[in-house]
S.K.: 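Here it is: the structure, laid out below.
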Protein chains: 2
Amino acid sequence: MEASSENVRSQMRKGVLEYCILSILNHKEAYASNILDELKKANMLVVEGTLYPLLIRQKNQGLLTYRWEESTQGPPRKYYMITDQGREQLAEMDAAWQELVQCIETLRK
Amino acid sequence: MEASSENVRSQMRKGVLEYCILSILNHKEAYASNILDELKKANMLVVEGTLYPLLIRQKNQGLLTYRWEESTQGPPRKYYMITDQGREQLAEMDAAWQELVQCIETLRK
DNA sequence: TTTTAATACCTTGCAATACAAAGTAGTAAA
DNA sequence: TTTACTACTTTGTATTGCAAGGTATTAAAA
C-alpha cells in the first residue's frame, strides 16, 4: 500500500482507537500483546508505541484497571480490565460512533 | 451535552473532516460558509478556525483549487472546487472509511 | 461623513493524538 | 555469560481540531 494511502488510514484511526480498546476489553481482560492481536485480526494495525501510552491514559482516566500476572514465557504481564466508568464511556462512544457514521452517510449520499 | 461527551465526538471527528470536505465539494463548488452549512446540516459541527486551515492544506496538496467571486453581500468569496487528484483522494478515503467501519463492526460484534 | 453591523478570510497558540525509534528489564535457552 | 525473546516504557516529532483574536470589504445607520 502506498504511503499516502496509509496516511489516510492513520488519520482516520485517530479518535477511534480508544473506542477499539474499550470494545476489546469489554469482552475479556487482556495484556498489550493480546490487544494488538485483536486489533490485527480486525485489520486495524497499531504499534506498541501507540498502544502503551493509550492504555496508561485510559487507566489514569479511570476507564481501566490492571493487575500483574506472572508469565512462564518472559517478564510479568499487565492485564487490563474495563471498569464501570469505562463501560459508561464505551456506551458514550457507541453513540458518538453511530452519529459519525450517520454524518458520513448523509454527506456521501 | 456534557463536556466529556463533546470531547469524545471531537476526537472521533479527527481524520474524517478532510473526507467530509472532499465529499461536499464533489457535488458542487462552495465557499467556506456553504461548507460550514453543509456540515451543520449533516450534524457535524465545525468552526471557522478549523475549516480555513484545512481548505488551505488541501489546496496546497493539489486536492482543491479555488476562484474568487464578487459578492453583493460583502467581501469577495473564495469558491473551492475539487480537482482530479482530489477525486482520486476521495476514492481512497471512501475505501479507508469502509474499512474502518468494518473494523469497528468486527470489534463491536 | 462617520460609525456600526454583517460578511468573509486568515493567523496564532494550545492540547491531544499516532507513530517511529530507542530504551529498560525479566526469563530462558544456547 | 551471552543471546534471544518477551514485555513494558519513554522521547521526540508531525498532524490535527479548536478557541480566540485579527484583517478587510461592503452596506446601512447615525
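Lettering follows sequence order; numbering is per chain, from 1. When reading the values below, keep in mind they use all heavy atoms of this one structure, side chains included, and skip hydrogens, waters and symmetry mates.
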S.K.: From CZ of B/Arg9 over to P of D/dC18, roughly how many Å is that when rounded to an integer?
M.R.: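 Answer to the nearest Å: 13 Å.
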S.K.: Expressed as a whole number of angstroms, how long is the span from B/Tyr79:OH to C/dT7:P?
M.R.: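 In whole Å, C/dT7 P and B/Tyr79 OH are 14 Å from each other.
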S.K.: Map B/Ser33 and B/Ile56 onto DNA chain C by nearest heavy atom, then report which one ends up closer to the 5' terminus.
M.R.: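 Nearest nucleotide further toward 5': that of B/Ser33.
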S.K.: What is the distance, rounded to the nearest whole Å, between atom CZ of B/Arg77 and atom C1' of C/dA6?
M.R.: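 Nearest whole value for this atom pair: 12 Å.
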S.K.: Say whether, by atom type as modelled, one donor and one acceptor occur between the side chain of B/Glu99 and the main chain of A/Asn43 under 3.5 angstrom.
M.R.: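 Pair absent, no side-chain N/O of B/Glu99 close to backbone of A/Asn43.
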S.K.: Distances under 3.5 Å between protein N/O atoms and the N/O atoms of nucleotides 13-18 of chain C, please, pair by pair.
M.R.:
residue	atom	partner	partner atom	Å
C/dT17	OP1	A/Glu18	OE2	3.2
C/dT17	OP2	A/Arg57	NE	3.2
C/dA18	OP1	A/Gly15	N	3.2

S.K.: Assign a letter to each nucleotide of nucleotides 25-30 of chain D from its 5' end: B, base within under 4.0 Å of a protein heavy atom; S, sugar-phosphate only; -, no contact.
M.R.: BSS---
S.K.: Mind checking side-chain contact (heavy atoms from CB on, under 4.5 Å) for B/Val101 and listing every partner two or more places apart, or none if nothing turns up?
M.R.: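 A/Trp97, B/Trp97, B/Glu105.
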S.K.: As a test of understanding, state which of B/Tyr52, B/Trp68, B/Tyr79 forms a ring pair (Phe, Tyr, Trp, His ring centres under 6.0 Å) with B/Tyr31.
M.R.: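 Result: among B/Tyr52, B/Trp68, B/Tyr79, B/Tyr79 is the only option passing the ring pair (Phe, Tyr, Trp, His ring centres under 6.0 Å) with B/Tyr31.
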S.K.: Expressed in angstrom and rounded to an integer, what is the separation of A/Trp68 atom CH2 from D/dC8 atom C1'?
M.R.: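 Interatomic distance, CH2 of A/Trp68 to C1' of D/dC8: 6 Å.
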S.K.: Please check this pair: side chain of A/Gln85 against backbone of A/Gln61, looking for a donor-acceptor N/O pair closer than 3.5 Å.
M.R.: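 Yes: the side chain of A/Gln85 pairs with the backbone of A/Gln61.
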S.K.: Going hydrophobic residue to hydrophobic residue with side-chain gaps under 4.5 angstrom, can you get from A/Ile35 over to A/Ile56?
M.R.: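 Yes.
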S.K.: Can you check the A/Leu45 CG to C/dA20 P distance for me, whole Å?
M.R.: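 So the CG-P distance, A/Leu45 to C/dA20, works out to 10 Å.
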S.K.: Is the shortest side-chain N/O distance from B/Tyr52 to OP1 or OP2 of C/dC10 below 4.0 Å?
M.R.: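 Answer no for this pair, as no side-chain N or O of B/Tyr52 is under 4.0 Å from OP1 or OP2.
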S.K.: Starting from the 5' end of DNA chain C, give me the residue, A/Pro53 or B/Tyr66, whose nearest nucleotide shows up first.
M.R.: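 Residue closer to the 5' terminus by nearest nucleotide: B/Tyr66.
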S.K.: Quick check on D/dA7: is either OP1 or OP2 less than 4.0 Å from any side-chain nitrogen or oxygen of A/Tyr31?
M.R.: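 Yes, such a contact exists.
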S.K.: Hey, is the main chain of B/Pro76 close enough, under 3.5 Å, to the side chain of B/Ser71 for a donor-acceptor pair?
M.R.: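 No, the answer is negative, given that no donor and acceptor are paired below the 3.5 Å cut-off.
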S.K.: Whole-Å distance between D/dC8 P and A/Arg67 CZ?
M.R.: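 Rounding to the nearest Å, CZ of A/Arg67 and P of D/dC8 are 12 Å apart.
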S.K.: Roughly how many Å is it from CE in A/Met44 to C1' in C/dC19, rounded to a whole number?
M.R.: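 Roughly 15 Å, once rounded to whole Å.
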S.K.: side-chain contact (heavy atoms from CB on, under 4.5 Å) for A/Leu45 and A/Lys40? Distances and angles first, verdict last.
M.R.: CA-CA 5 Å; A/Leu45 294 184; A/Lys40 202 171 184 178; 3.8 Å; yes
S.K.: Rounded to whole angstroms, how far apart are CG on A/Asn60 and P on D/dT9?
M.R.: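 Rounded to whole Å, this separation is 11 Å.
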S.K.: Check for a donor-acceptor pair, side chain of A/Thr106 on one end and backbone N or O of B/Ala42 on the other, with a separation under 3.5 Å.
M.R.: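 Checking the backbone N and O of B/Ala42 against the side chain of A/Thr106, no donor-acceptor pair under 3.5 Å is found.
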